[in-house]
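Everything on this sheet refers to the single structure shown next.
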Amino acid sequence: MHILLTGVTGYIGKRLLPVFLEAGHRLTVSVRDGERFQNPAPERITVWEIDFLNPMKLDRVPREIDVAYYLIHSMADRRSEFMERESLCATNFRLAMEHVGVGQVIYLSGIAHEKELSPHLLSRKKVETILMDGKFHTTVLRAGIIVGSGSASFELIRDLVEKLPIMITPKWVRTRSQPIAIRDVIQCLEKIAGAEEYFDRAVDIGGPDVLTYREMMLEFGRARGLKRAIVTVPIMTPRLSSYWLYFMTSVSYNLAVNLVDSMKVEVLPQQNATQEILGRPPMPYVEAVNLAFKRIRQQMVVSSWKDAMTDEDLKDGKIDEFLSVPSFGCLKDIRERSFPRNQREAIVSRVFSIGGERGWYYGTWLWKIRGWMDKMVGGIGLRRGRRHPDELYPGDALDFWRVLHADRASGRLLLYAEMKLPGEAWLEFRMKEENAGQVRIVQTATFRPRGLFGRMYWYCVLPLHFFVFRGMLRKITQVPEVTPNPPLAT
């Protein structure tokens, strides 16, 4: 089939892509920013750069699409904005699909059967209605909590359980849900493509276990061999609960608010269709947790919710608007070191392994303090880490940075700061070939201050930059000497 896949840089889309490629389908992927998508099969994948929030030229919409997956969500945006934006996206998408006469549209929604729903779940229901009104067959899969390596719910529970032996929790931890393994979600999405029995239907999917959030955390702890105590108190308001999640986990404050609103609503399937679609029983919760950690240990985390950028990220700009690091009106810290050419590969690997659990090679405790300070003023802090210990791609989250450019062949890595700053900041690593078998690494920190306060901030942290950036570059280039193998004895 010819499949249109939206949200291909998001958590679900990244996992569906290899499944469709293995099945032999021809793909068109829609992205807002082509810089974020690394095309694994250019001969079979067409990239369509489009922002469904903006008016589009319908003559540029891909033709002869059999199945289109609508996987665009805006949960991390401000609550006052994301409902309107999701409706606009869905409407523009529907018009485009009607124009080309698509056969089937598949939408992954949320379970929303309660009378009182959060803005997030109300928005999902509104998108369902918009797509169902389209002049094509629509299939809606409604899922609740998705459990898998890199999923928002999995990482949130992991943050809490692994860091807090005793938890004082709000009363919404008693809310019931029916968590489903990411593997089952992906297989359900694949199997309903072109399946006429699911045309013009909305079906609920979920795992076999009905659990409260408290039970999920305790089961998670037991699966990890951790004893945890959870005390529930009724006095934690939604605002306090949002701050609790914000400071205890890696979620942003806006996402914490939306999560708390949704966690108060029970998400239980009315008629669980998972076994019907899969032809087998769905995976139990503990098995899904163990499988997720197996993938983490094997360094096979395909996607992470932290890598999905919202419209707040990069100040509503696209990646390519920040790829050219500015020169005018900027303050810079530039440091260089030369090393033998035979160490180039090892040093590039060290650059591309920076951050996350490995740290920043020098003064990591200072980076942690900076992350804590960022959290205190409403920033994202340092807890996001990185999806993979060695791989980086444009759009990836890296602690409180966003990867804009990552090219191992040239040795260039460009990061953009997403911490709270009185200005904008970039950190760049470049490799320059020199004569006499030498390579020079150039490390550049660029800051474009906003007003007088921005300049004052730069000069206040300048003494720290002197030690941190100098030490970081020195540590990056400290690799064992590579010597040629001695000749074999004859």
Could you list the residues that satisfy salt bridge (charged side-chain N to carboxylate O under 4.0 Å, His left out) with D374, not counting sequence neighbours?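 Result, salt bridge (charged side-chain N to carboxylate O under 4.0 Å, His left out) vs D374: none returned.
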Does [X] have its ring centroid less than 6.0 Å away from the ring centroid of [Y]?
X: Y213; Y: F220; value: no
X: F154; Y: F293; value: yes
X: Y69; Y: F20; value: yes

Check the orientation of F400 and W367. Use parallel for under 30°, tilted for 30 to 60°, and perpendicular for over 60°. tilted
Would you call the rings of Y107 and Y70 parallel, tilted or perpendicular, taking 30° and 60° as the class edges?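 Rings of Y107 and Y70: tilted, 30 to 60°.
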Would you list the pairs meeting side-chain hydrogen bond (donor to acceptor under 3.5 Å, both in side chains) in which at least one residue belongs to residues 345-361, sequence neighbours left out? S353-D390, W360-D399
Any pair counted as side-chain hydrogen bond (donor to acceptor under 3.5 Å, both in side chains), so long as it reaches residues 453-468, sequence neighbours left out: R370-Y457
Checking the side chain of R448 only, and the main-chain atoms of G423 only, is there a donor and an acceptor separated by less than 3.5 Å? no
Would you mind telling me which of Q343, R337, R341 makes a side-chain contact (heavy atoms from CB on, under 4.5 Å) with V439?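 For V439, the side-chain contact (heavy atoms from CB on, under 4.5 Å) check succeeds only for R341.
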The residue among E418, R386, R387 that forms side-chain contact (heavy atoms from CB on, under 4.5 Å) with L398 is R386
Other residues, nucleotides and ligands only: do more than 12 of their heavy atoms fall within 6.0 Å of NZ on K163? yes
